[in-house]
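Here is how names work: the chains are called A, B, and so on, in the same order as the sequence lines, proteins then strands, and each is numbered from 1. All of these numbers come straight from a predicted model, not from anything done at the bench.
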Amino acid sequence: MLSETYRLLHSAFGPQHWWPASSPFEVLVGAILTQQAAWTNVEMAINNLKEYGELAPELILSLQPDTLRDAVRPSGYFNQKAKRLVHVVKEIEQKGGLERFLDRPTMVVRKELLAIKGIGKETADSILLYAGKHPVFVVDAYTFRMLGRLDPIRFWEIAARRDYDAVQALFTDAVKELAHEGEKNGDAVEVSREYHALIVELGKRNCRKRIPLCGSCPLREICQFS
DNA sequence: GTCCTGTCGA
DNA sequence: TCGACTGGAC
């Protein structure tokens, strides 16, 4: 089911080459700024930050609080996000810097990320998958929505409950299948990166919240909602 | 369940 | 003019 969904999305939308960032640290910053915000707004915020220099831990920690707040303003929740950024960057610098922090067993890093205020499961998994190369699946609002519509009998409950772990387990199995289909899909990291990006694309193009566009949806043949 | 917030498109 | 946006903390 979810393997077929991947094939349909991939052949309709093509490779997404995510995350749109030029360094692991930029992924970290973007992962925090994109919480409940449109990516176009996050790009504005990141460009603002780059006005002050190379996007690096030292830059975040050297900016005055109100300067930082104004820079991230376009991404919304700017008071929270400015503080969140500083706190997260401090924590990770204390642990030896992002690269070294990430270069350890997946579940060890994940547990430490979740212990940092401002990082929940989705943000932690985004950082693991796109800043590091850890094979974890990122579940977001688009994923819950797609599942709840695709097969309400099976998925409505966990989607309505926003059961992150249950949904992640479903996709982890699908990713495992896809990664074992020879060379064509790539390994678990590649498939997970691509799959999440494709679901986001689906959420924006077709599986929209209020007015879904089912007529042109790549999943229309297997979706109960259409 | 509620708060936090700017930007864009229907 | 309003809903939606790759959530998380309390």
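- As judged by a 4.0 angstrom heavy-atom cut-off over every strand, A:Ile32 is placed among residues making no nucleic acid contact.
- Within 4.0 Å (heavy atoms only), A:Lys81 reaches no atom of the nucleic acid at all.
- Base engagement by A:Gln36 is indicated by at least one non-hydrogen atom pair under 4.0 Å involving a base atom.
- Ion pairing between a basic and an acidic side chain is recognised when a charged N comes within 4.0 Å of a carboxylate O; A:Arg69 and A:Asp66 show no such pairing.
- Between A:Thr34 and C:dG7, a side-chain N or O to OP1/OP2 separation shorter than 4.0 Å is absent.
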Output one line per pair: protein atom, nucleotide atom from nucleotides 2-4 of chain C, and distance, for all N/O pairs under 3.5 Å.
from  : atom 1 : to       : atom 2 : distance (Å)
C:dG3 : O3'    : A:Arg210 : NE     : 3.4

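- When heavy atoms are screened at a 4.0 angstrom cut-off, A:Phe78 is found touching the sugar-phosphate backbone but no base atom.
- Across the protein-nucleic acid pair, A:Asn41 atom CG and C:dG7 atom C1' stand 15 Å apart, rounded to whole Å.
- The main-chain N or O of A:Glu194 is never found under 3.5 Å from a side-chain atom of A:His10 such that the two would form a donor-acceptor pair.
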So A:Lys90 and A:Glu93, salt bridge (charged side-chain N to carboxylate O under 4.0 Å, His left out) or not? Walk me through it.
CA-CA 5 Å; A:Lys90 273 185 184 167; A:Glu93 286 306 288; over 6 Å; no
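- Comparing A:Thr40 and A:Arg84 against DNA chain B, the residue whose closest nucleotide sits nearer the 5' end is A:Arg84.
- Comparing B:dT7, C:dC10, B:dT5 by their nearest atom to the side chain of A:Lys117 picks out C:dC10.
- Proximity note for A:Pro74 (side chain, C-beta onward) versus B:dC4, C:dA9, B:dT7: the nearest is B:dT7.
- Backbone-only engagement by A:Ile116 is indicated by non-hydrogen atom pairs under 4.0 Å involving sugar-phosphate atoms exclusively.
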